[in-house]
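For the numbers below, each heavy atom of this structure counts, side chains included, while hydrogens, waters and symmetry mates do not.
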Amino acid sequence: MAQTHLQGVEISATQFLEIWRHYDTDGNGFIEGKELQNFIQELQQARKKAGLELSDKMKAFVDQYGQNSDGKIGIVELAQILPTEENFLLFFREQLKSSEEFMQTWRRYDTDHSGYIETDELKSFLKDLLKKANKPFEESKLEEYTQTMLRMFDSNNDGKLGLTEMARLLPVQENFLLKFQGVKMCGKEFNKAFELYDKDGSGYIDENELDALLKDLCEKDKKVNL
């Protein structure tokens, strides 16, 4: 079914979701390694079968990842190359260009400070994005977008998006949470790091303390990549 969708001149939001789930075979939120190579091969086959040329974006994508067995893409990168109708996913790409902007958005829409973006908060986020992009919409379409977003990113199906789930809206190279993968700390090292940012000694890292931690992480990453 996913291969059939790839033959389309225009792909619906639902079809896009089916394509994503088909190629993200391990369900880890990324298409990578062999999954990515399979996607590229079947994309080329599907477009050829449909008598369609690869778009310029598709060609650039194939050139970038075709020979890279260690390649990894997130859902936003996929949205950039597929001809998806009403591609509201790309609004996120325009709105969330960096980890800093992501955290500003997170705090703005996590209005109850629960640590989650719940359904109503997500709907407000989408509504503001559509208005900013001057895209006309009906309430029913807004509800459809909201539910599609939940289906795409709510990995544990609890009806709300946690920080790591929401961070999948960032392009892979900007996803600061990925930098924690593979990091190993002993208990003593963790406690030392926690105490450094728990300035008031409350046993919790509050919003301002979290800002300081994330700012330091982003600055450190910029220096490493210079």
Side-chain angles (χ1 to χ4, degrees), residues 1-99 102 126 129 144-157 161-162 164-183 221 225:
M1 184 65 72
Q3 290 167 286
T4 303
H5 295 335
L6 289 175
Q7 297 176 27
V9 175
E10 190 173 70
I11 298 168
S12 71
T14 300
Q15 290 171 336
F16 177 87
L17 180 58
E18 289 177 3
I19 290 170
W20 175 262
R21 288 181 170 173
H22 176 77
Y23 291 102
D24 178 21
T25 54
D26 59 7
N28 73 341
F30 300 96
I31 297 177
E32 56 188 332
K34 190 174 181 180
E35 296 171 338
L36 185 55
Q37 297 307 307
N38 288 341
F39 167 72
I40 290 172
Q41 182 180 357
E42 292 178 14
L43 172 66
Q44 292 172 310
Q45 291 172 349
R47 305 305 282 184
K48 184 176 181 180
K49 186 174 181 180
L52 298 170
E53 294 285 336
L54 291 178
S55 67
D56 289 341
K57 287 184 178 180
M58 289 178 181
K59 289 176 182 176
F61 181 86
V62 171
D63 288 343
Q64 181 177 356
Y65 293 105
Q67 303 301 320
N68 184 0
S69 60
D70 295 323
K72 172 190 283 192
I73 66 167
I75 205 162
V76 175
E77 284 92 345
L78 184 65
Q80 288 179 305
I81 65 164
L82 294 183
T84 308
E85 65 178 10
E86 303 162 338
N87 200 340
F88 63 95
L89 279 174
L90 293 186
F91 299 156
F92 289 101
R93 181 68 182 91
E94 297 166 4
Q95 179 82 356
L96 305 175
K97 295 179 180 178
S98 69
S99 299
F102 171 83
L126 288 170
L129 280 181
E144 179 187 336
Y145 288 166
T146 303
Q147 293 305 316
T148 300
M149 290 297 297
L150 283 172
R151 289 173 62 200
M152 284 182 179
F153 298 108
D154 182 16
S155 56
N156 61 356
N157 298 313
L161 299 180
T164 53
E165 293 170 328
M166 190 82 167
R168 287 170 55 199
L169 294 169
L170 287 167
V172 168
Q173 66 272 22
E174 273 290 342
N175 193 333
F176 64 98
L177 290 177
L178 292 180
K179 304 182 196 309
F180 290 102
Q181 291 185 354
V183 174
D221 184 58
N225 289 315

Shortest non-hydrogen contact between F39 and L6, atoms and distance: CE1-CD2, 4.0 Å

Pair Q67-D63, side-chain donor/acceptor within less than 3.5 Å: no

Side-chain heavy atoms of E42 within contact of Q45, under 4.5 Å: yes

Gap separating the CD1 atom of I73 from the CD atom of Q64, nearest 0.5 angstrom: 10.0 Å

Under 3.5 Å donor-acceptor, E10 side chain and P83 backbone: no

Minimum heavy-atom distance between L82 and M58, given as atom pair plus value: CD2-CE, 4.4 Å

Pairwise distance CG(L43) to CD(Q7) - rounded to 0.5 angstrom: 10.5 Å

Nearest heavy atoms of H5 and E18, plus distance in Å: NE2-OE1, 2.5 Å

Heavy-atom check, side chain of L36 versus side chain of K72, under 4.5 Å: no

Closest approach of K59 to L54 (non-hydrogen atoms, all atoms of both residues): CE-O, 3.4 Å

N/O donor-acceptor pair under 3.5 Å between E77 side chain and G74 backbone: yes

Atom pair CG/NE2 of L17 and H22 - distance to nearest 0.5 Å: 13.5 Å

Side-chain (D24) to main-chain (G29) donor-acceptor, under 3.5 angstrom: yes

Donor-acceptor contact present, side-chain Q41 to main-chain N38, <3.5 Å: no

F16 side, atom CZ; I19 side, atom CD1 - distance, nearest 0.5 Å: 7.5 Å

Note, Y23 side chain near F30 side chain (heavy atom, < 4.5 Å): no

Close side-chain approach of Q44 to K49, heavy-atom, < 4.5 Å: no

Pair Y65, Q37: side-chain N/O donor-acceptor within cut-off below 3.5 Å: no

